[in-house]
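Just so you know, ligand 1 is whichever comes first in the structure, and atom 1 is the first atom listed for that ligand.
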Amino acid sequence: MQVLLIGGGGREHALAWKLAQSPQVAKIFVVPGNPGIAQIEECECIDLSLSDLEKVADFAEENSVDLTVVGPEASLVVGIADVFKRRCLPIFGPTAAAAEIEGSKAFSKNLMDKYDIPTAFFKVCEDVETAKAYIEEKGAPIVIKADGLAAGKGVIVAMTMEEALAAVDDIMGDQKFGVAGARVVIEEFMEGEEASLLAFTDGKTIVPMIASQDHKRANDNDEGPNTGGMGTYAPAPVLTEALKLQAVETVLKPTIEAMAAEGRPYSGCLYAGLMIKDNVIKVVEFNCRFGDPETQVVLPLLKTDLASIMLACATETLEDVEIEWNDGAAVCVVMASGGYPGEFTTGYPITGLDDANALENTVVFHAGTKQGEDAIVTAGGRVLGVTAFGSDIKQAKDRAYKAVEKIDFKDAHYRNDIAWRALKR
Ligand code: AMP
Ligand code: GLY
């Protein structure tokens with residue numbers, strides 16, 4: 001089977017790495033890919049513009065691609081799956097109408113409200129006055145979210161009234177996130193512990209993956225600004241079997257049914273960000289794609305052939321597939337450019353990648369790297385996802401940090417406490 005994979009970050013490196021292990025997969029074209037992906041024998045990185053989706057579909061047709069897999073939300077939100085489906089090309093990922101579950105927070109909150117899917121109380125506000133009046137009514141702490149896509153930065157968890165009101169001015173007044181902030185969702189502040197639950201779905205059947213936990217804050221002890229994610233581990237013990245069942249029954253299944261009822265059947269990977277408190281689950285957010293860096297720790301634990309699962313999701317036959325998982329655990333430590341998520345410098349040579357990859361049960365996923373003249377160099381905020389597996393979280397964590405020690409680039413920044421919540425239990 002020939003696969004086309006869209007994307008070039010750490011998540012896509014993990015997807016490519018796992019797909020390459022499938023006995024069915026002979027070749028993976030990756031647009032645009034990255035230097036880590038390029039090292040996988042089955043992978044060929046392709047320089048192809050993603051702005052013309054018909055041309056991407058032409059490429060799939062001309063190269064006898066059997067399955068297309070989409071990593072990033074941006075291509076999904078603009079309708080890559082619609083183009084492929086119209087041309088009868090199997091694709092793993094939701095249509096534009098279904099991807100709105102991530103593309104518009106107002107849409108997803110209204111959906112949850114209409115179908116009784118548990119989430120924080122909220123109000124969608126179209127102008128500054130209404131937003132501020134609602135904040136005055138509810139008080140702090142309170143959460144302000146830009147409606148549209150803002151690369152994970154459009155959420156302000158305001159602990160004081162001043163912060164909350166300033167967030168409204170930033171998002172709606174100064175349009176800090178452009179059109180994404182034309183509307184805001186103002187939401188109840190939820191306490192508890194978070195977990196990410198990803199699920200495979202073909203629109204009718206939905207199967208949860210192993211739960212994972214991200215570390216969104218930049219620094220140790222969950223301090224500093226929110227990032228795209230500084231590290232993950234799986235399984236996440238906070239989501240016990242009973243709670244996972246609760247998530248399936250109260251969140252995953254109702255959401256898939258709701259999307260179908262709305263005429264927006266959802267297939268691909270559904271990412272549910274959950275808040276857990278006193279054995280009750282509420283939805284923090286939905287994403288229309290795999291998590292990054294959740295994918296880096298979830299996929300290594302998957303036993304069943306990923307290509308078969310994805311093809312079943314694309315052809316509405318997921319009911320026929322039994323999905324199995326391996327025992328053990330995985331930990332991913334993100335090595336970022338110093339300054340991220342604020343300003344940072346790129347172009348620094350990275351050393352020690354081969355030594356790290358040679359360690360037992362370790363794989364270094366590339367996120368923001370580039371092939372320089374004589375070395376692989378840094379090229380983004382999150383540079384690497386150093387990932388290791390073990391029989392338990394402790395062993396996986398020790399192995400991951402041993403690999404981190406082998407790697408070096410100027411101003412590298414990483415957290416030292418990935419998986420602390422699991423280890424504290
Ligand atoms: P989101 O992009 O919606 O996942 O938000 C980013 C992060 O902000 C989440 O992972 C949470 O840590 C935090 N957050 C979002 N919504 C809430 C909420 N209602 N209460 C508390 N924290 C939240
Ligand atoms: N790691 C968070 C996300 O993928 O949205």
Does Glu191 come within less than 4.0 angstrom of ligand 1, counting non-hydrogen atoms of the residue?
no

Pair Thr130, Asp127: side-chain N/O donor-acceptor within cut-off below 3.5 Å:
yes

Short version for Arg11: what comes under 4.0 Å of ligand 2, heavy atoms counted, is neither

Numbered atoms and elements of ligand 1 in range of Glu187, under 4.0 angstrom, heavy atoms
16 (N), 17 (C), 18 (C), 19 (N)

Are any of the N/O atoms in Met190 less than 3.5 Å from those in ligand 1?
yes

Aromatic ring pairing Phe200/Phe290, orientation class (parallel under 30°, perpendicular over 60°, tilted between):
perpendicular

Gly228 heavy atoms, cut-off 4.0 Å: which ligand 2 atoms fall inside?
1 (N), 2 (C)

For Glu294, counting its heavy atoms only, list the atoms of ligand 2 lying under 4.0 Å from any of them.
1 (N), 2 (C), 4 (O)

Asp147 side chain to Ser104 side chain, donor-acceptor N/O pair below 3.5 angstrom:
yes

Near Val284, which atoms of ligand 1 are under 4.0 Å from a heavy atom of that residue?
15 (C), 16 (N)

Carefully, step by step, assess Glu193 and Gln213 under the rule side-chain hydrogen bond (donor to acceptor under 3.5 Å, both in side chains).
CA-CA 9 Å; Glu193 187 171 342; Gln213 190 172 66; 2.9 Å; yes

For ligand 2, is there an N or O atom under 3.5 Å from any N or O atom of Glu285?
no

Taking 4.0 angstrom as the limit and counting only heavy atoms of Arg289, give me the atoms of ligand 2 inside it, by number and element.
3 (C), 4 (O), 5 (O)

Atoms of ligand 2 less than 4.0 Å from Tyr271 heavy atoms?
2 (C), 3 (C), 4 (O), 5 (O)

For a quick check under 3.5 Å, do Thr227 and Lys216 share a side-chain donor-acceptor pair by atom type?
no

Lys145 heavy atoms within 4.0 Å reach ligand 1 at atoms 3 (O), 15 (C), 16 (N)

Just to verify, what does Phe59 make a ring pair (Phe, Tyr, Trp, His ring centres under 6.0 Å) with, not counting sequence neighbours?
Phe29

With backbone taken as N, CA, C and O and side chain as the heavy atoms from C-beta onward, which portion of Phe290 lies under 4.0 Å from ligand 2: side chain, backbone, both, or neither?
neither

For atom 13 (C) of ligand 1, which candidate among Ile142, Leu274, Val157 provides the closest heavy atom?
Val157

Given Lys105, Met275, Glu194, which one has a non-hydrogen atom that is nearest to atom 10 (O) of ligand 1?
Glu194

Under 4.0 Å from a heavy atom of Asn287: give me the atoms of ligand 2 that qualify, with their elements.
5 (O)

Only heavy atoms count here, so choose which of Ile144, Asn226, Val283 is nearest to atom 7 (C) of ligand 1.
Asn226

Does Glu316 come within less than 4.0 Å of Lys204, counting only side-chain N to carboxylate O?
yes

How long is the span from the CD1 atom in Ile309 to the CE atom in Met209, to the nearest 0.5 Å?
8.0 Å

Is there a nitrogen or oxygen of Gly291 sitting under 3.5 Å from a nitrogen or oxygen of ligand 2?
no

Nearest non-hydrogen atom to atom 5 (O) of ligand 1 belongs to which of Asp214, Val155, Val143?
Val155

With heavy atoms of Asp214 as the reference, note each atom of ligand 2 found under 4.0 Å away.
1 (N), 2 (C)

Salt-bridge present (Glu187, Lys105; N to O < 4.0 Å)
no

Any salt bridge linking Asp305 with Lys18? Criterion: basic side-chain nitrogen under 4.0 Å from a carboxylate oxygen.
no

Using a 4.0 Å heavy-atom cut-off, say whether Thr232 meets ligand 2 through its side chain, its backbone, both or neither.
neither

